[in-house]
Protein chains: 2
Amino acid sequence: MGTAQRRERERTELRGRILDAARDIVRREGFGALTIRKIADAIEYAPGTLYLYFENRDAIAQELSFEGFRKLLEAFAPAEKLEDPLARLEAIGRAYVRFGMKNPETYRLIFMEDPQLTTAVFKAAGDDPGQRAYRALIEPLEELRRAGRLLPGADVQALADTLWATVHGIVSLKLTCPGFPLTPVDPLVDTALRMLLGGLVGPAKATRAPGAPPGS
Amino acid sequence: MGTAQRRERERTELRGRILDAARDIVRREGFGALTIRKIADAIEYAPGTLYLYFENRDAIAQELSFEGFRKLLEAFAPAEKLEDPLARLEAIGRAYVRFGMKNPETYRLIFMEDPQLTTAVFKAAGDDPGQRAYRALIEPLEELRRAGRLLPGADVQALADTLWATVHGIVSLKLTCPGFPLTPVDPLVDTALRMLLGGLVGPAKATRAPGAPPGS
DNA sequence: GTCTATAGGCTGATAGAC
DNA sequence: GTCTATCAGCCTATAGAC
């Protein structure tokens, strides 16, 4: 496996160990606590050595963000296999929130810290992962539209952006406002998806009350 | 006016000028750039002097957050005067987003920076402003419920939290991800509110397609 | 490649003169 | 009340020895 060899080479070349240590620090203490010295301490090297592997601190943070975004996309994979486009949208939304809650500091780093970093991630974490993430939302919506299941005149782009904003809102509110909103994450996601997706396919299909428990 | 006298007293006591300078720095350069020395420079005092008026840097940041949250509540005022509860909800959502876009760094400080700060703001910026903000959402929803305009079994709390998460999502995404989402703020808010509130009062009332332009 | 050492900067906060 | 001076600490990044 070429990938494994490259990873092994990187590891022996210290690069991998630097990233491992950096990832650990961000996970445990947040991006603000990520310093060259702390990483150097963790891997038991002199701080200056790190500059042989990364141009500066930001380059390390960027690498971590790329990596995190790639993992987010991987977390979408099972959802993307679902046949029904509506079920796909729902599953992607849930996978997104789950990723954010499981990796709070990584999520913060990617989506809440530095606009420049976020922009860089969208533009260049592999083969245009920003577009790939977007397509995960746009594609099922397009499929719904083609099948005539969207109301006429629906703007697929605006719908995708709204869905994204909502799941991002849930995650970021939960990360920064513990205790607010009062509703626990899972029912909150249930309600949000029901409200957003329920109206999507037209009034006729919206049979359950938004905010009602799933079994009602 | 007692308030004016107190403000004047505070100003002569330097406290007001410190806050003014701090507010300016946060607005222009963000919370990360707020340092005791920078404030002292701006008001042309020695750094140590500030400690006679504030315990430490965090106390200044907290005061700014309290102030910002109070202004957010004030921005709700015109919306809260509307009679129709659904129109009230919509107007509050729009006012929220407008506030965030107009005061990006203040919004960041209050809602996106430090969980501890955010918690403090909710608990103690005057007479329980967190509850007041919450009530602004809960109350119109309760009114809708009482009027039988919500579907039976609807969870008012979850609905309020979802609305809040969505507008927060829109603002915070726009602040950290300029360029993503691609949809401009105003149509994004239109779509989100239509999707969320459209389904709220039951299928019969949802006549416009989510994502369609308002006139369709 | 890795080290030590250091330049040059920033920070919050305090002590003591006036 | 306000100052100066300073402690004690952190930081990035680089230069030069080995």
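A note on names: the letters A, B, ... follow the listed sequences, proteins ahead of strands, and every chain is numbered from 1.
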Considering only heavy side-chain atoms of L14(B), the closest of dT2(D), dT2(C), dA13(D) is dT2(D)
dT4(C) phosphate, OP1 or OP2, under 4.0 Å from Y45(A) side-chain N/O: no
Length of the line joining D58(B):CG and dT11(C):P, which is rounded to integer Å: 15 Å
Given atom CG of D41(B) and atom C1' of dT2(D), what is their separation to the nearest angstrom? 16 Å
R146(B): partners by side chain to side chain contact (heavy atoms under 4.5 Å, CB included), with sequence neighbours left out: E142(B), E143(B)
To the nearest Å, give me how far apart OH (Y51(A)) and P (dA15(D)) are. 13 Å
Closest to side chain of R37(B), choosing from dT6(D), dT2(C), dA13(D): dT6(D)
Can you see whether W164(A) engages Y134(A) through a side-chain donor-acceptor pair at a distance of less than 3.5 angstrom? no
Taking atom CD of E13(B) as the centre, report whether more than 12 heavy atoms of other residues, nucleotides or ligands fall under 6.0 Å from it. yes
With a non-hydrogen cut-off below 4.0 angstrom, is I36(B) in contact with a base, only sugar-phosphate, or nothing? sugar-phosphate
Can you check the R15(B) CZ to dG1(D) C1' distance for me, whole Å? 16 Å
What nucleotide among dC3(D), dC3(C), dT2(D) has an atom nearest to a side-chain atom of Y53(B)? dT2(D)
Can you see if the side chain of T35(B) gets near the phosphate of dT11(C) - specifically, an N or O under 4.0 Å from OP1 or OP2? yes
Please report, rounded to the nearest Å, how far the C1' atom of dC11(D) is from the CD1 atom of I39(A). 13 Å
Between CG of L34(A) and P of dC10(D) the distance, given in whole Å, is 16 Å
Choose from dG12(C), dG1(C), dC3(C) the nucleotide whose nearest atom is closest to any side-chain atom of T49(A). dC3(C)
State whether the side chain of R57(B) and the backbone N or O of I36(B) hold a donor-acceptor pair below 3.5 Å, judged by distance alone. no
